[in-house]
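Lettering follows sequence order; numbering is per chain, from 1. Below, all heavy atoms of this structure are taken into account, side chains as well, without hydrogens, waters or symmetry copies. The structure presented is a predicted model; accordingly, all values stated were derived computationally and were not measured.
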Amino acid sequence: MISSFSTLRRNLKKDSSLLPTIKVALAGDTATQFLATALKGTGIDRGFNIDLFEADYNQVERQLLDPTSDLYAFDADYIVVFQSTHKLLSTFNKLPVEQQHTLADERISLVRAITTTTKSRVIYYNYPEIDDAIFGSYANKVMRSFIYQVRRLNLLLMECSMANPNLYICDVASIQNKLGRDTMFHPAIYIGSEMVLSLDAIPHVAARTLDIIAAIQGKFKKCLILDLDNTVWGGIVGDDGYEKLELGHELGIGKAFTEFQQWALKLKNRGVVLAVCSKNNEEIAKEPFRKHPEMVLRLDDIAVFIANWENKADNIRQIQSILHIGFDSMVFLDDNPFERNIVRENLPDVTVPELPEDPAEYLEFLYGLNLFETTTFSRADADRTKQYQIEAERAATQISFTNEADFLKSLHMESEVRPFNSFNIPRVSQLSQRSNQFNLRTVRYTEADIEKMSEDSNFQNFSFTLTDKFGDNGLISVVILEKKDNDTLFIDTWFMSCRVLKRGMEHFTLNTIADYAKQNGFKRIVGEYIPTAKNSMVKDHFAQLGFIQMEDTTRNLFSLQVDNYNIKECYIKTI
Amino acid sequence: MEMESIQDQVQDIFRDILDQESLTLTSATTASDVDGWDSLTHIQLIVAIEKRFKVKFSSKEILSWKNIGELLNSLHTKGAPR
């Protein structure tokens, strides 16, 4: 999400004249040309035309303490002050030993003097640490050590900004904590150029500066929308059951999800609204929130809870209509790249971070994005969730969807239909063990079983993959047909991964079965639904596909006449 | 596929950073021969070359090159194939 310096520099060639203009004055005690370029380039990314005044090199005091200076004549909305730790260290190096302990106080009185000279908002960069290794760790006991003075100065800056509403501290020290000093600073280039920020660090510093400006201008994030399975907890609640989810310190990588939830809860307590958008049955999705002892988030923490099988872009539109906030104030977190792309494509204003694959990395990745910059904080922020929850109940019934057919066509889906073979048998058996929700009979087959059936001429097997323009879903559905007699094909097994629900895959599958039946002279196809605790989703599966329920009091059997079968509409191509 | 020569790769970096698609470098090319090669773009060029070839230049090297030939020599001494 952080652009490279070259990208930012190229941004300057774009026409930004239609963007709102913000006047920014930049004053620094080292070379700031690159930073100036990056501020303008980042501004364009954030929708601002930055009109930048760059003070001459090393004129911080002259420009900022003189009310008649060029800088003040420019009449900036924001004054960015970048005094570097390097220059602070040179000042320190020249001080007589008996004055070294006054360094932080000296500097903070300069900052106070600046804020009393101007009525503009001042964004002041705090000080990334340089440990000059004169005292080692003993520096912590020595007031006149440089590290003591830098840390004290950063603390004084915080206190100063609390007392002065127009002073904003830009936390450059945090950036160095994240990137490391060796990335932040390029010594060989510094020697020839007076640049104390590396080209790699500058975009981060510019981004952090624009975070503050954008937030003050009213652009900030108000809502965090969370996927559930493998985002909030480990595992798939519909398949695994809430008891088996990875959560807490006992099970698998549960700690990663617990800490992620703690982060989300802190955001909620700060006033960020939490919403859930998950492909699940609502009741099943809510179960962990109600019953799992290791859940940090509870239903009370979630303002809008949407769990269904519709597409997530539509569901986020619904969340938007309930919360009445802009899409640009929403962040959507989902472990599934397919869902992220659907949302990005349909709702480009929603921020959709490219979460790392390993949940262990979620938090550090999210820390680095600084998504939730704010300019205010009050106790009332925390009550926001309740009022949205009520609104959510009201709106729950008025759902509107985009044209499903157009959406499906746009996916350019393709499916590879194959009998079982040595390549797909392991995956077929794995799905057979794990698939719970979309599973008509839930008969579990081991790898050996599958292998045996693949050689038995009484059985006809199909495996299906699904690929779309966003990527390959892999093998997602399996059908095993048993030849009962010359006329009858029995659907012994039909299961499918829930990831591909609502894509017309059921129609495609039935077309394949019917085609096979016709080609081989079968007259009817018989299906059976065996209810389990988890497969209510497919209770009406055969009826919806045009099967007629058979008169049988002990079993749920359904029959389809092959002659009357009309090929079902779907937008999946066979490859 | 034949490997692009070091000089061609350096030339690509110059073209990209300086936005001059038809720029041609020779060993004798100096900063004053190339539009836009100033002390600021020089830094971008160094960082881009360091990244491409996974090398680090010393502060002396950065200040001492008089022409492209010397820059290429620095690269060669750091193990980039000639």
**Asked** Are any of the side-chain heavy atoms of W65(B) and S74(B) separated by less than 4.5 Å?
**Response** yes
**Prompt:** Which residues in residues 177-205 of chain A have any heavy atom lying under 4.5 Å from a heavy atom of chain B?
**Reply:** H186(A), A188(A), I189(A), I191(A), G192(A), S193(A), M195(A), L199(A), D200(A)
Please check if any side-chain donor atom of [X] sits under 3.5 Å from a side-chain acceptor atom of [Y], or the reverse.
{"X": "R208(A)", "Y": "Y125(A)", "answer": "no"}
{"X": "D29(A)", "Y": "N58(A)", "answer": "no"}
{"X": "S90(A)", "Y": "N93(A)", "answer": "no"}

**Asked** In terms of heavy-atom pairs under 4.5 Å, which option from S59(B), A48(B), S39(B) contacts chain A the most?
**Response** S59(B)
**Message:** Taking T7(A)'s backbone N and O only, do any of them form a donor-acceptor pair with S4(A)'s side chain (distance below 3.5 Å, no angle check)?
**Reply:** yes
**Asked** With no hydrogens and no angle check, is any side-chain donor or acceptor of S16(A) less than 3.5 Å from a backbone partner on L19(A)?
**Response** no
**Complete:** Residues of residues 19-31 of chain B with a heavy atom under 4.5 Å from any heavy atom of chain A, in residue-number order, are D19(B)
**Request:** For salt bridge (Lys or Arg N to Asp or Glu O under 4.0 Å), just list the numbers for E54(A) and K40(A), CA-CA rounded to whole Å, side-chain angles, deciding distance to a tenth of an Å, and then say yes or no.
**Result:** CA-CA 11 Å; E54(A) 196 180 347; K40(A) 286 193 266 189; over 6 Å; no
Identify each donor-acceptor pair in which a side-chain atom of residues 70-80 of chain A lies under 3.5 Å from a protein atom, sequence neighbours left out, and give them as a table.
{"from": "Y72(A)", "atom 1": "OH", "to": "L64(A)", "atom 2": "O", "distance (Å)": "2.6"}
{"from": "D77(A)", "atom 1": "OD2", "to": "K23(A)", "atom 2": "N", "distance (Å)": "2.8"}
{"from": "Y78(A)", "atom 1": "OH", "to": "Q217(A)", "atom 2": "OE1", "distance (Å)": "2.5"}

**Request:** Can you run down the ring pair (Phe, Tyr, Trp, His ring centres under 6.0 Å) pairs that involve residues 5-40 of chain A, sequence neighbours left out, and say none if there aren't any?
**Result:** F5(A)-F34(A)
Answer with side chain, backbone, both or neither: which region of [X] has an atom nearer than 4.5 Å to a non-hydrogen atom of chain A?
{"X": "K51(B)", "value": "side chain"}
{"X": "L63(B)", "value": "side chain"}
{"X": "S58(B)", "value": "backbone"}
{"X": "L40(B)", "value": "both"}

**Item:** Sidechain N-carboxylate O distance under 4.0 Å for K56(B), E61(B)
**Value:** no
**Request:** Could you tell me whether R10(A) and D16(B) make a salt bridge, using a distance below 4.0 angstrom between a side-chain N and a carboxylate O?
**Result:** yes
**Asked** More than 12 heavy atoms of other residues, nucleotides or ligands under 6.0 Å from CG of D66(A): is that the case?
**Response** yes
